[in-house]
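Down below is the structure, laid out as structure tokens.
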Number of protein chains: 2
Amino acid sequence: MTDETRSKILAVAKELNYVPNAAARTLKKRESGILGVFLTDFKGDVYGDLLDGMKEVCNGRGYDLIVCSGKRAHRMLPERMIDGAVILDQTFKNEELLKYADRNHKIVVLDRELDHPNINQVLLDNKAGAALAAEYLLEQGHRKIYVVSGPEGSFDSTQRMKAVKMVADRAREAEWIEIAGDFKKSGGERAAEQVIREYSGPAAVFCLNDEMAIGFWNRLEGTGYRIGEHIHLIGFDNIELTNYMQPRLATINYSKRKWGALAAEQLIKILAGEQVEHERIYVTLIKGESVGKI
Amino acid sequence: MTDETRSKILAVAKELNYVPNAAARTLKKRESGILGVFLTDFKGDVYGDLLDGMKEVCNGRGYDLIVCSGKRAHRMLPERMIDGAVILDQTFKNEELLKYADRNHKIVVLDRELDHPNINQVLLDNKAGAALAAEYLLEQGHRKIYVVSGPEGSFDSTQRMKAVKMVADRAREAEWIEIAGDFKKSGGERAAEQVIREYSGPAAVFCLNDEMAIGFWNRLEGTGYRIGEHIHLIGFDNIELTNYMQPRLATINYSKRKWGALAAEQLIKILAGEQVEHERIYVTLIKGESVGKI
DNA sequence: TTGTAAGCGTTATCAT
DNA sequence: ATGATAACGCTTACAA
């Protein structure tokens, strides 16, 4: 076909408002050119940058990205509406993901360890982060340390808690007290109530995510207990809100954008048939006046 | 078909891991059962509740919801990957939306006025909100009032600014000063610099969204100027972060969840062929110590 | 009730 | 290079 006829056809196509039909194309080509990311819900401060990172990589590689949430949407993967999935979503059971992987669907998990040739892991270095936080509290001289966990069964919570226990085992001079949380503000608030109830002198609190640290913080307002003075607080995630807290909340930081970008890259690679290794996202400690010296 | 044979077939289907193919179904039925919502980007605190509200309604009505961002994704509408779209996305031009509407695609817009039989509007009552804020500043005795606008061409900014001007026209005793902003933190910071430069006594500032108010606030940290004392600040949106600012940021509130839910409902109605009116989301004033009395 | 066939809008294959 | 045709996997309409 000459360039001339080509442009003529394109002109007529535009003239007639021709638009290709995605379903037909997908049916025939047996691929949609769309990647899906699954979130437990749309709330939560962590997601913005992560999704932007994913989008950037996807679009640069010729893929569209769609964001889904809720059990109903799961079928998009087995029904082949999407070519592959990134999972950051508790509502997916391991069993379900393995079933899809067995049927040759390609998956990247961000929230669990799961071994399968069609599943790649891009995980936070939770253990390093939690150890960093726990050791920071010790270094600052704290000897009574509360640790507020996430919900039962959360991978992040389990990993972080494990690392804390490793540190605790080596630092027997400190008293370590575990409080069951939920990764939500309400869990932080409840933890604050317990800590206040048991208060008998300076205490440190490691909330296993920032969201709970904020709830904790909030519950302390107006009680007379001051953060960084009576009660010392550190979180995990470095969500944006922490930048605007006075005194600054100490926390664990990592690049959410890079996390998303890497996840998308890995997914696209395994879709192209490349063999890839699991990846790890590194974390750093952010010190803050919310943790004082004793 | 008897119930017995039905369940037999289902059993065999499960046995063979049969999963229907979404593309084929969509192609045949000429509808995908998926609604799309388009966002300018995935950042921004406004979206969480809004999307959850949309998801709830969509799922309850038998639809899936997907979230998209970026120009690439626009084609999902004309290519019929989705049955309809909710638009909260600057990157869609009016012209483009009208073109799709002309081709009989159903659209709900949340960020502009657009008249077309296939387009429904679910808009914030921006004017009422901005008037509420401006009048609140006057009531509190302020007579020097800065107004920090959003980016050029933003519908929300234009509407809010119009309402402020209406109030200003009736309150000539006050001095009204407009500062060009961008709805981002950086715009608030720049505005703060100007206000500090020109400072000669108590001033009030109406940032046309909370994001800029936060930037403004942040820029004031460590300058000696205190919010609610030297400089009085009010925002718009009541994003979650404002709950954690001390003193509390005055702002304009509305239910983001209801906004999303209503948008989804309207879209589903017009897809069902129902005739619907445009809708309005009402707003309320939230007072806060960020605005003191003079 | 059951089975058969046509067709949705593309892309890919095969002759011409 | 060009044009005709089959096939993707499903739904539906109609025939048996």
Side-chain angles (χ1 to χ4, degrees), chain A residues 1-36 58 61-66 68 72-85 99-106 118 268 271-273, chain B residues 1-36 61-64 66 68 72-85 99-106 118 268 271-273:
Chain A
M1 189 195 298
T2 69
D3 274 0
E4 191 192 355
T5 51
R6 152 175 257 98
S7 61
K8 231 177 217 168
I9 290 176
L10 256 27
V12 175
K14 177 156 280 182
E15 173 86 11
L16 300 178
N17 282 329
Y18 169 77
V19 180
N21 178 294
R25 187 193 330 112
T26 300
L27 180 59
K28 182 64 195 176
K29 299 187 71 171
R30 301 161 142 278
E31 62 185 37
S32 65
I34 300 174
L35 304 184
C58 287
R61 302 280 211 292
Y63 281 95
D64 270 316
L65 177 70
I66 66 175
C68 309
R72 250 199 90 87
H74 290 198
R75 62 197 180 91
M76 297 215 182
L77 185 59
E79 294 188 356
R80 303 187 164 282
M81 177 101 304
I82 56 178
D83 293 344
K99 186 175 71 185
Y100 298 149
D102 275 338
R103 296 183 196 157
N104 206 30
H105 295 291
K106 311 301 186 189
N118 287 327
I268 291 168
L271 281 169
Chain B
M1 189 194 296
T2 69
D3 274 1
E4 191 192 358
T5 52
R6 155 176 255 97
S7 61
K8 230 176 217 168
I9 290 176
L10 255 28
V12 176
K14 179 154 278 182
E15 173 86 12
L16 300 178
N17 282 331
Y18 169 77
V19 180
N21 179 294
R25 190 198 323 117
T26 299
L27 181 57
K28 181 62 195 178
K29 298 187 69 171
R30 303 160 140 276
E31 63 185 39
S32 65
I34 300 173
L35 303 184
R61 303 279 211 292
Y63 281 96
D64 270 315
I66 66 174
C68 309
R72 250 197 89 87
H74 290 199
R75 61 195 181 91
M76 298 219 182
L77 185 59
E79 294 187 356
R80 303 187 163 280
M81 176 101 305
I82 56 179
D83 293 344
K99 186 175 69 184
Y100 298 149
D102 275 338
R103 296 183 196 158
N104 206 30
H105 295 291
K106 311 301 185 191
N118 288 327
I268 291 169
L271 282 169

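On a predicted model such as this, the values are computed, not experimentally measured, just so you know. Protein chains get the first letters and strands the later ones, always in sequence-line order, with residue 1 at the start of each.
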In chain order, what residues pass the side chain to side chain donor-acceptor pair (under 3.5 Å) check against [X], with sequence neighbours excluded?
X	answer
B:Y63	none
B:T26	none
B:N21	none

| said: What is the distance, to the nearest angstrom, from the CG atom on A:L16 to the P atom on C:dG9? | reply: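 Nearest whole value for this atom pair: 15 Å.
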| query | How many Å lie between CG on B:L27 and P on C:dG9, as a whole number? | reply | 7 Å
| request: Name all pairs fulfilling the salt bridge (Lys or Arg N to Asp or Glu O under 4.0 Å) condition that reach into residues 13-23 of chain B, sequence neighbours left out, sorted by first residue then second. | output: none
Contacts of type side chain to side chain contact (heavy atoms under 4.5 Å, CB included), residue [X], not counting sequence neighbours:
X	value
A:A73	A:F38, A:C68, B:D64
B:K29	B:R25, B:E31
A:R103	A:P78, A:K99, A:Y100, A:H105, B:N17, B:V19
A:N104	A:K106, A:N118

| said: For Watson-Crick and G-U wobble pairs within 3.5 Å on both distances, what is DNA chain C written in dot-bracket notation, | included for inter-strand pairing? | reply: |.||||||||||||||
Do any N or O atoms of the protein come closer than 3.5 Å to N or O atoms of nucleotides 3-5 of chain C, and which pairs are they?
none

Every protein N/O lying under 3.5 Å from an N/O of nucleotides 10-14 of chain D:
| unit_1 | atom_1 | unit_2 | atom_2 | d |
| --- | --- | --- | --- | --- |
| D:dC10 | OP1 | B:Y18 | OH | 3.1 |
| D:dC10 | OP1 | B:V19 | O | 3.4 |
| D:dC10 | OP1 | B:N21 | N | 2.8 |
| D:dC10 | O5' | B:Y18 | OH | 3.4 |

| request: Only counting residues at least two apart or in another chain, list the ones meeting ring-ring contact (aromatic ring centres under 6.0 Å, His included) with B:H74. | output: B:F92
| task | Taking A:R72 for its side chain and B:G62 for its backbone only, find out whether a donor-acceptor pair lies under 3.5 Å. | result |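 Looks like yes, one N/O pair under 3.5 Å.
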| query | Hey, is the side chain of B:R30 poking within less than 4.0 Å of OP1 or OP2 on C:dG9, counting only N and O atoms? | reply |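 For C:dG9, OP1/OP2 do have a side-chain N/O of B:R30 under 4.0 Å.
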| message | With a cut-off of less than 4.0 Å, is there a side-chain N or O of B:R80 near OP1 or OP2 of C:dG9? | response | no
